[in-house]
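Here is the structure we will look at, set down as structure tokens.
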Amino acid sequence: MTVLSVLLFLFLLFFGVLYGVYRYIFYSPDKTQNDDYTLAEGSHSDQKRRQICAMIDAVRAIPYEKVTIRSHDGLTLCGRYYHQKDGAPLDICFHGYRGTPARDFSGGTQIILREGHNALMIEERAQCTSEGHTITFGVEERFDCLAWVQYALARFGPDTKILLVGISMGAATVLMASELALPAQVVGIIADCPYTSPLAIIRKVSGGMGLPPKLSGLLAIAAARVFGHFDLTAANAAEAVKHAKLPILLIHGEADPFVPCGMSREIRDASPAQIRLHTFPGAGHGLSYLVDPARYEALIRDFSKEALEEKELSSCV
């Protein structure tokens, strides 16, 4: 075998590895993973599977309007709009990695509607029925968030008050969007179990799988660039919140096996004047509501009310 043959083999091997990394982490082939009832194996959700499925059933029974927008890069993005009353505040909600609105907001949807808010549940790019094949961990999704805000104001009017709500990847997404030019009508952000950055969570999960975190991160960066056509390091929730000019509520389970609770502490410490963090002992990933529903709902209700009232006061000054 010649030197050229060896180099060609190594080149092809390297790109084969990169493509495998891309397919495993970022690629969404036919969205079959976005089944409402597919719950994470080995997580705390196993202990409450029956309760979660009953909550999903309840959300799926609520009528909604299917809506669509075009993303900045030409994808058709879908959402589910739940109307309570004209002129009510609007909560725009972003689900997690390979998640669904009905599953990830099986409790949150009910809270929002009980508060009398209208709800817009987003189907993230490359997931559910939205177009695309690449999940970018919030890098491109943050611009989708801005596009959905613009859609809401165009449809419901410039007096519409908006809260951005996210869980897991969706939580990181809305936090990353906080440094964008959000309209003044966005009055607050609620983020449940966010990660600090795409690279940080990929390294953490890789380490948990017994893989070298730094090498895994470098391969993920390269795979995202070569096959996903995006820069994995272009967005960082912990950095973005330093530029946020609106109140932020963070919620995190202290027993989260996927996204460490310490990531929310790091985000809080990046902008302590703007951020309140509440943790739930014994709660796994995205399961704080199930551990203490009354406390969880009270936190959401009080934060939302204060953010909306603060905006009213500032408008009068």
query: Is there side-chain contact between His72 and Leu146, with heavy atoms separated by less than 4.5 Å?
result: no

Taking only distance into account, with no hydrogens and no angle test, what donor-acceptor pairs under 3.5 Å do side-chain atoms of residues 206-225 form with protein atoms, sequence neighbours excluded?
residue	atom	partner	partner atom	Å
Ser206	OG	Ile202	O	2.7
Ser216	OG	Pro212	O	2.9

Closest non-hydrogen atom pair between Pro257 and Lys204, with its separation: O-NZ, 2.6 Å

- prompt: Can you say whether the rings of Phe227 and Tyr19 are parallel (under 30°), tilted (30 to 60°) or perpendicular (over 60°)?
  reply: perpendicular

- prompt: Is there any side chain to side chain donor-acceptor pair (under 3.5 Å) pair reaching into residues 265-277, and which pairs are they, with sequence neighbours excluded?
  reply: Arg276-Glu306

statement: Separation between CD1 (Ile190) and CG (Leu175), nearest 0.5 Å, reads 11.5 Å

- line: For Ile251 and Ser264 the tightest heavy-atom approach is O-OG, 4.5 Å

message: Check whether Asn236 reaches the backbone of Met176 with its side chain - one donor and one acceptor, N or O, closer than 3.5 Å.
response: no

message: Is the shortest side-chain heavy-atom distance between Cys78 and Glu131 below 4.5 Å?
response: no

query: Just wondering, do Leu250 and Ile267 contact through their side chains at under 4.5 Å, heavy atoms?
result: yes

message: Using only atom types and a distance under 3.5 Å, with no angle test, would you say the side chain of His95 pairs donor to acceptor with the backbone of Glu124?
response: yes

Between CE on residue Met55 and OH on residue Tyr289, distance to nearest 0.5 Å: 5.0 Å

field: Close side-chain approach of Arg98 and Gln127, heavy atoms under 4.5 Å
entry: yes

- prompt: Can you find a side-chain donor-acceptor pair between Thr136 and Glu141 that sits under 3.5 Å?
  reply: yes

task: Could you tell me which non-hydrogen atom of Met169 sits nearest to which non-hydrogen atom of Tyr97, and how far apart they are?
output: CB-N, 3.6 Å

message: Measuring only between side-chain heavy atoms, which start at C-beta, is Ile300 closer than 4.5 Å to Val165?
response: no

- prompt: Are the aromatic ring centres of Phe26 and Phe137 under 6.0 angstrom apart?
  reply: yes

- request: Would you confirm whether His133, through its side chain, and Ser28, through its main-chain N or O, come within 3.5 Å as a donor-acceptor pair?
  value: yes

Would you tabulate the side-chain donor-acceptor contacts of residues 56-66 under 3.5 Å, counting partners in other chains and residues two or more places apart, or write 'none'?
residue	atom	partner	partner atom	Å
Asp57	OD1	Tyr37	OH	2.3
Arg60	NE	Tyr37	OH	3.4
Arg60	NH1	Asp36	OD2	2.5
Glu65	OE1	Arg155	NH1	3.4
Glu65	OE1	Arg155	NH2	2.7
Glu65	OE2	Arg155	NH1	3.3
Lys66	NZ	Thr129	OG1	2.9

- prompt: Using 4.0 Å as the upper bound for N to carboxylate O, is an ion pair formed by Arg142 and Glu179?
  reply: yes

message: Within this structure, what is the NE2-CG distance for the pair His83 and Leu113, rounded to the nearest 0.5 Å?
response: 11.5 Å

- request: Check whether the ring centres of Tyr81 and Phe156 lie less than 6.0 Å apart, and answer yes or no.
  value: yes

Heavy-atom closest contact (Leu163 atom, Ala307 atom, distance): CD2-CB, 4.3 Å

field: Side-chain donor/acceptor of Asn118 to backbone N/O of Gln84, under 3.5 Å
entry: yes

message: Using modelled atom types and a 3.5 Å cut-off, is there a donor and acceptor pairing between side-chain atoms of Ser130 and backbone atoms of Glu123?
response: yes

task: Treat each ILVMFWY residue as a node, draw an edge where side-chain heavy atoms are under 4.5 Å apart, and state whether Phe230 and Tyr195 are in one component.
output: yes

Residue pair Pro293 / Val291: nearest heavy atoms and the distance that separates them: CD-C, 3.9 Å

- prompt: If you round to the nearest 0.5 Å, how far is CD1 of Ile69 from CG of Leu120?
  reply: 8.5 Å

query: Roughly how far apart are Leu77 CG and Arg125 CZ, rounded to 0.5 Å?
result: 6.0 Å

statement: Scanning both residues in full, the closest heavy-atom pair of Gln185 with Thr160 reads CB-O, 3.1 Å

